[in-house]
Amino acid sequence: SIKQYRVLYPFEPITPIGKSNGRFIKAVPNSDGSCATQVQIFASTLKHLNHLERLFSDFSKQPLSKYICLSSPRYISSKSLTCDTNEATPITCNESHWAAIADTVAERHIGYMTTKGGANVHFGIMYFDRNDSVDVLSHELSHLLGFIDEYPLSENHLTCQGNSGIVKSHNVVVLSNFYEGTRADVRKRVLKELPWGTDIKTTTPILQPQANDANKRNNQHWKLGTPITFNQEIGLFQTDTCNRSAAALANNFSGFKPVSNSTQLNFFAERFPQYYLDRIDASPQEFLMPSF
């Protein structure tokens, strides 16, 4: 275990992925080449490192495992990091401390398992705790691939602070709730903003007519969204992502997703939709989070 987890050789130079230097072997992409990113996860106790091995084994049965290569867990001394692991708040660490090991990591993304604290992803670094399930691990890893939470984010989260149309991902766009113009023109404009726009059938509506006292041409005023009667289709369904955002409320925009059902991006125990996997297959690098 000391050799496997690099306890004695934490700063040894990296070797190419898939090669061995006699002390450790890095993860290799899946045989079909579908691995979209590689992730190196660290822990600070032997107990946690052994637990990671079991968690990785469980993750290998998850749908997302096709797209994520998890390297063998690595040891890092807790004394070399400064982290806040309050149970009631997201785990945060002084990320400048990761610079000391950056040259020893070949993977694009890294992670750190603590004893306690709230799981989250920040700038290509995933944090989670010893008690998090494989569903939580899968959820957090999905952010590295370019998925956004579908439950309400914090009030000041950056995702919901920008202008309508700027935020895009595999599963969420942030757009204005209301539009004005002819149905054809507005639909064309909106579809251009959607990463999944070409997957929406021409028979699936994404605009609903709105009355307006100042302009009796009701068909010129539209509320964005696909009616629930089309809930089996790919469309534009409002998500809870920006429900707590004062900026979103003030500017009248919301988060929208392509599917109507609840997903693992909302509740950890839910399924990861097949359509979301199809989105990765179609463009595995498009929304990939930058390297740590």
**OP:** Before giving the answer on side chain to side chain contact (heavy atoms under 4.5 Å, CB included), spell out for Leu137 and Phe128 the whole-Å C-alpha distance, their side-chain angles and the decisive distance to 0.1 Å.
**Re:** CA-CA 8 Å; Leu137 176 65; Phe128 63 110; 4.1 Å; yes

Supply the atom-to-atom distance [X] [atom1] to [Y] [atom2], rounded to the nearest 0.5 angstrom.
X: Ile91; Y: Asp132; atom1: CD1; atom2: CG; result: 7.0 Å
X: Leu145; Y: His109; atom1: CG; atom2: NE2; result: 8.0 Å
X: Arg244; Y: His157; atom1: CZ; atom2: NE2; result: 11.5 Å
X: Thr37; Y: Gln285; atom1: OG1; atom2: CD; result: 8.0 Å
X: Arg130; Y: Met113; atom1: CZ; atom2: CE; result: 6.5 Å
X: Asn120; Y: Met126; atom1: CG; atom2: CE; result: 10.0 Å

Subject >> Any side-chain donor near an acceptor of the partner, Asp281 and Tyr67, under 3.5 Å >> reply: yes

Original post:
Any side-chain donor paired with an acceptor under 3.5 Å for Asn156 and Ser154?
Top reply: no

Is there a donor-acceptor pair closer than 3.5 Å between any side-chain N or O of [X] and the backbone N or O of [Y]?
X: Asn251; Y: Phe253; result: no
X: Asn177; Y: Lys223; result: no
X: Thr204; Y: Gly235; result: no
X: Gln40; Y: Arg108; result: no
X: Ser44; Y: Ile76; result: yes
X: Thr239; Y: Phe256; result: no
X: Thr114; Y: Thr85; result: no

Are [Y] and [X] linked, directly or through intermediate hydrophobic residues, by side-chain heavy-atom contacts shorter than 4.5 Å (ILVMFWY only)?
X: Leu236; Y: Phe230; result: no
X: Phe59; Y: Leu265; result: yes
X: Val136; Y: Met289; result: no
X: Ile41; Y: Val134; result: yes
X: Leu288; Y: Tyr276; result: yes

Subject >> side-chain contact (heavy atoms from CB on, under 4.5 Å) against Glu155, all qualifying residues, sequence neighbours excluded >> reply: Ala246

**OP:** Just jot down the side-chain contact (heavy atoms from CB on, under 4.5 Å) partners of Ser77, sequence neighbours excluded, or say none.
**Re:** Tyr75, Lys79, Ser80

**OP:** State which residue, out of Thr263, Val172, Ile280, Leu141, fulfils the side chain to side chain contact (heavy atoms under 4.5 Å, CB included) condition with Phe147.
**Re:** Ile280

**OP:** Report, as yes or no, whether the 6.0 Å neighbourhood of atom OH on Tyr151 holds more than 12 heavy atoms from other residues, nucleotides or ligands.
**Re:** yes

Original post:
Please walk me through it: do Ser142 and Gln264 pass side chain to side chain donor-acceptor pair (under 3.5 Å)?
Top reply: CA-CA 9 Å; Ser142 75; Gln264 195 177 76; 5.8 Å; no

**OP:** Might you work through the side chain to side chain contact (heavy atoms under 4.5 Å, CB included) test for Glu150 and Ser262, ending with a clear yes or no?
**Re:** CA-CA 8 Å; Glu150 294 172 3; Ser262 181; over 6 Å; no

**OP:** Could you give me the CA-CA distance, side-chain angles and deciding distance for Leu224 and Ser176, then say whether side chain to side chain contact (heavy atoms under 4.5 Å, CB included) is met?
**Re:** CA-CA 8 Å; Leu224 193 63; Ser176 174; over 6 Å; no

Original post:
For the rings on Trp98 and Phe42, is their centre-to-centre separation under 6.0 Å?
Top reply: yes

Original post:
Would Asp149 and His139 satisfy side chain to side chain donor-acceptor pair (under 3.5 Å), going step by step from the backbone distance to the final call?
Top reply: CA-CA 9 Å; Asp149 288 320; His139 173 104; 2.7 Å; yes

**OP:** May I ask you to test the Asp199-Leu194 pair for a side-chain heavy-atom distance under 4.5 Å?
**Re:** no

**OP:** Compare all side-chain heavy atoms of Pro195 with those of Val173 and state whether any distance is below 4.5 angstrom.
**Re:** yes

Subject >> side chain to side chain contact (heavy atoms under 4.5 Å, CB included) assessment of Phe178 paired with His221 >> reply: CA-CA 7 Å; Phe178 300 99; His221 293 81; over 6 Å; no

Subject >> Heavy-atom pair with the smallest gap, counting every atom of Arg187 and Leu207 >> reply: N-CD1, 3.8 Å

